[in-house]
J.: 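Got a structure for you, questions after.
Since this is a predicted model, take the numbers as computed values, not measurements. Letters A, B, ... are given to chains in the order of the sequence lines, protein chains preceding strands, and every chain is numbered from 1.
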There are 2 protein chains.
Amino acid sequence: MARAATTSDVFNAIAEPQRREILALLRTGERSVTELAQELGMTQPGASKHLRVLREVGLVRDRRAGKQRLYGLDAGGLRPVHEWTGGFERFWNESFDRLDAYVQDLKQTREAE
Amino acid sequence: MARAATTSDVFNAIAEPQRREILALLRTGERSVTELAQELGMTQPGASKHLRVLREVGLVRDRRAGKQRLYGLDAGGLRPVHEWTGGFERFWNESFDRLDAYVQDLKQTREAE
DNA sequence: TTGACGCATGCCGATATGGGAATATGATTG
DNA sequence: CAATCATATTCCCATATCGGCATGCGTCAA
C-alpha cells in the first residue's frame, strides 16, 4: 500500500502547505480560482487541483458566478483536527508547569540564601 | 515534485492514522516498541518506522532502558496545529449561529401562526 | 565469546503525489 | 454559431510513501 490519498481525510488534505494557504486566504472571503492563483503565486491548474482536494474533503464550497467559480470556506471540517490536537493540550501545558515549578524552586532557593 | 516528506512537517507526520494512534496511546505513558506494536496490532518494523517519523518531527522522545527503547510523548509540536485550526474556530461557530438564527426564525413563524 | 533478545534498517512493489504543459470543458458575449 | 474567457482535466515525470520480509546492529546474560 502507498500513502493514503490526500482526499481520504482532512488530516491528509491539510498536510499540503499551499492548501493551508488557500484556506487561510479564504477566511477573508470568497475568491475565484484565478484570483486565488494570483494571490498565492500558483498556476491556475495548480490552484484548481488543490481546490478539488479541498472540495472533496468538504473544506471549501464552490458556487457559480457568471463564468467564474467562487470558492468559499467551509471550515467545519477542521474542527475534528482542532479537537484531536486539543486532546494533547495538557501535555504541552505540563511542560510549562514543570518549568514554572523549576523557576519557583529557584526563587525560593535564592531567597533562602 | 512529489508529495512532501512525512518528516517535513508535523502536519504531514500526523496525516497517518496509525501515527495518530501511537500518539494517542502514548498519552497514557511510555512504551517500548514491541509493546506499542502489540497494542496497536502492527508489526515491529512497522511501529519502528512510524516512531522514526514521529521522532524526526519531535513528537516523541526515546530513552534507552536496558535492551528496550522507551518512547514517550513530546506533544508540544501539536500546538501549532491546534492553533492553526483554532484560527478557523469562528467559522464553524458561525455555522451554528446561522442554524440557530434559522431555528429562531422558525419558532417565531410558528408562534405567529 | 556466543546466544538471545529488542529494535532499526534495507530492499521490494504498488501507489499516489505535486508540478508543468497542453488541452478539454463550460459559460458568456457578439 | 463563433470567439473568448474561466476552470477543469489529462498526461508525464520524479519522488516519497507504506507494508512485508529479511537482515543488521546493539545490549545483556551465561
J.: Using the heavy-atom set of chain B and a strict 4.0 Å cut-off, write down the first and last nucleotide of DNA chain C that makes it in, 5' to 3'.
T.: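 The contact span of chain B on DNA chain C goes from dC5(C) to dG18(C).
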
J.: Give the table of side-chain donor-acceptor pairs shorter than 3.5 Å for residues 40-52 of chain B, with sequence neighbours excluded, one pair per line with atom names and distance.
T.:
{"unit_1": "T43(B)", "atom_1": "OG1", "unit_2": "G46(B)", "atom_2": "N", "d": "3.0"}
{"unit_1": "H50(B)", "atom_1": "ND1", "unit_2": "R19(B)", "atom_2": "NH1", "d": "3.1"}
{"unit_1": "R52(B)", "atom_1": "NE", "unit_2": "E56(B)", "atom_2": "OE2", "d": "3.0"}

J.: For DNA chain C, which residues of residues 47-67 of chain A approach it to below 4.0 angstrom with any heavy atom?
T.: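 Those residues are K49(A), H50(A), R64(A), G66(A), K67(A).
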
J.: Could you list all the side chain to side chain donor-acceptor pair (under 3.5 Å) pairs where at least one residue sits in residues 23-32 of chain B, not counting sequence neighbours?
T.: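 Found T28(B)-R31(B), E30(B)-R63(B), R31(B)-E39(B).
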
J.: Restricting to non-hydrogen atoms, name the atom on L26(A) and the atom on G72(A) that form the minimum distance, rounded to 0.1 Å.
T.: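 Smallest interatomic distance, heavy atoms only, reads CD1-C, 4.2 Å.
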
J.: When clusters are formed by joining ILVMFWY residues with side-chain heavy atoms under 4.5 Å apart, either directly or through shared neighbours, do L70(A) and F91(B) land in the same one?
T.: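 L70(A) and F91(B): separate clusters.
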
J.: Do NZ/NE/NH1/NH2 and the carboxylate oxygens of E83(B) and R79(B) come within less than 4.0 Å?
T.: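 Yes.
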
J.: Quick one: bend of the helix from dT1(C)-dA30(D) to dG30(C)-dC1(D) from 5 pairs per end, to 10°?
T.: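 What I find for the helix from dT1(C)-dA30(D) to dG30(C)-dC1(D) is an axis angle of 10°.
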
J.: Is the backbone of A15(B) close enough, under 3.5 Å, to the side chain of N12(A) for a donor and an acceptor to pair up by distance?
T.: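 Yes, the answer is positive, given that a donor and an acceptor are paired below the 3.5 Å cut-off.
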
J.: Any idea which heavy atoms bring E16(A) and Q18(A) closest together, and the distance?
T.: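 For E16(A) versus Q18(A), the nearest heavy atoms are OE1-N, 3.0 Å.
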
J.: Strictly below 4.0 Å: does T34(A) bring a side-chain N or O up to OP1 or OP2 of dT7(D)?
T.: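 Yes, T34(A) has a side-chain N/O under 4.0 Å of OP1/OP2 on dT7(D).
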
J.: Does a side-chain heavy-atom distance below 4.5 Å link D74(B) with V60(B)?
T.: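 They are not in side-chain contact.
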
J.: Go nucleotide by nucleotide along DNA chain C from the 5' end; which of S32(B) and G46(A) gets its closest nucleotide reached first?
T.: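 Comparing both residues, the 5'-ward one is S32(B).
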
J.: Using a 6.0 Å distance limit plus a 45 degree cone around the ring axis, check whether R20(A) lies over the aromatic ring of F11(B).
T.: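 Relative to the ring axis of F11(B), which defines the angle, R20(A) lies inside both limits.
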
J.: Round to the nearest Å and state the distance from Q44(A) atom CD to dA8(D) atom P.
T.: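 Taking atom P of dA8(D) as the reference, CD of Q44(A) is at 7 Å.
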
J.: Is it true that L23(A) and V10(B) fall in one hydrophobic cluster, defined by side-chain heavy atoms closer than 4.5 Å?
T.: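 Yes; V10(B) is reachable from L23(A) via cluster members.
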
J.: Counting distance only, does the side-chain N/O of S8(B) pair as donor-acceptor with the main-chain N or O of A4(B) below 3.5 Å?
T.: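 No, S8(B) side chain to A4(B) backbone: no donor-acceptor pair under 3.5 Å.
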
J.: Say you draw a straight line from CH2 of W92(B) to CG of L78(A); how long is it, rounded to the nearest 0.5 Å?
T.: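 Between W92(B) CH2 and L78(A) CG, I get 6.5 Å after rounding to 0.5 Å.
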
J.: May I ask you to list the residues of residues 3-27 of chain A, by number, that have any heavy atom positioned under 4.0 Å from an atom of DNA chain D?
T.: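 The stretch gives R3(A) as the residues lying under 4.0 Å from the strand, ordered by number.
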
J.: What about the rings of W84(A) and H82(B), do their centers lie closer together than 6.0 Å?
T.: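 Not close enough - the centres of the two rings lie 6.0 Å or further apart.
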
